[in-house]
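Working notes, structure below.
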Amino acid sequence: MELCSRRGLRLILDAAHMSGTRIAGKHVGGESDCAVFSFQAVKNLPTADSGMICFRDADDDARARKLTWLGINKDTYTRTSMEGSYKWMYDVEEVGFKYHGNSIMAAIGLVQLRYLDQDNDYPPPTGLLVPGRTEWHDGVQDRARRGRLRIVSPSISNFGHQP
C-alpha cells in the first residue's frame, strides 16, 4: 500500500479466493482501493457465477453500479420508490454493461454465507483423491465423514491412474 501511495498507483486486490478471509480480525481488502471477489462455482463462496467488487472510494462505487446496470443513472429500486409521475424517467449517462447479478445467485450466496467460516476452517484438499487409498488428507476425510464432500469414483480412463 505504501509503494502504491508513493508512486500514485491504485491498488486492486485479486481476492477471488478470499471470501471471509480475515487478518488480525479484519476482512481483507480494506486497505486496497478496490477488492474483487469471485463467487464462481469452484470458489470458497460459490453461487453459480457471480462476484463482488468493493471500493474504498464512494464515487468509484457509484460509477461501477451505474456501469453494471447498462449505464442507467437510477436503479430499479430508486425509480420505483420515487415520488411523482416521472418514476419511469432515467438517463443513460454513458455506455454500460449488463453485469449485475440476479436473484437466484443472490439467494444461493445468502445460504452459502452460513457455511463460509466453517468451510474456510478446513485446509484445501491436496493431491488426487482416489477412493480406497489411505493417504487422503485428514480434512478431506473429515468432510467426507460429515457429508460435506461427495466422493465420486472416477473411471480409470479419465485419470489414467490405477487405484
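- A 4.5 Å side-chain heavy-atom check between D119 and N44 finds every atom pair outside the cut-off.
- In this structure, M105 CE and Q112 CD are separated by 13.5 Å, a value rounded to the nearest 0.5 Å.
- Proximity of E94 to L67: side-chain heavy atoms (C-beta onward) are separated by under 4.5 Å at one or more points.
- Taking both residues in full, the closest heavy atoms of I53 and C34 are given as CG2-SG, 3.5 Å, listed atom of the first, atom of the second, then distance.
- Proximity of a side-chain donor or acceptor of T47 to a complementary backbone N or O of F39 within less than 3.5 Å is detected.
- One distance of note links CG of D117 with OG of S19; it measures 11.0 Å at 0.5 Å rounding.
- Atom CG of L113 is surrounded by more than 12 heavy atoms from other residues, nucleotides or ligands within 6.0 Å.
- In this structure, L116 is a member of the same hydrophobic cluster as L110, with clusters built from ILVMFWY side-chain heavy atoms closer than 4.5 Å.
- With rounding to the nearest 0.5 angstrom, the CZ atom of R65 is 4.5 Å from the CG atom of D61.
- Interatomic distance, M18 CE to I23 CD1, rounded to the nearest 0.5 Å: 5.5 Å.
- Ionic pairing of R10 and D57 is not present here: no N-O contact between side-chain nitrogen and carboxylate oxygen is shorter than 4.0 angstrom.
- In this structure, the side chain of D33 engages the main chain of L11 through a donor-acceptor pair within 3.5 Å.
- The hydrophobic cluster containing F37 does not contain F55, counting ILVMFWY residues as joined when their side-chain heavy atoms lie under 4.5 angstrom apart, directly or transitively.
- At least one donor-acceptor pair under 3.5 Å links the side chain of R22 to the backbone N or O of G20.
- Atoms CD and NE2, on Q40 and H17 in that order, are 9.0 Å from each other to the nearest 0.5 Å.
- Taking both residues in full, the closest heavy atoms of P46 and I108 are given as O-CG2, 3.7 Å, listed atom of the first, atom of the second, then distance.
- Using a distance-only test at 3.5 Å, with no hydrogens or angles considered, no donor-acceptor pair links the side chain of D91 to the main chain of E93.
- Note that CG of L45 is 8.0 Å distant from OG of S50, once rounded to the nearest 0.5 Å.
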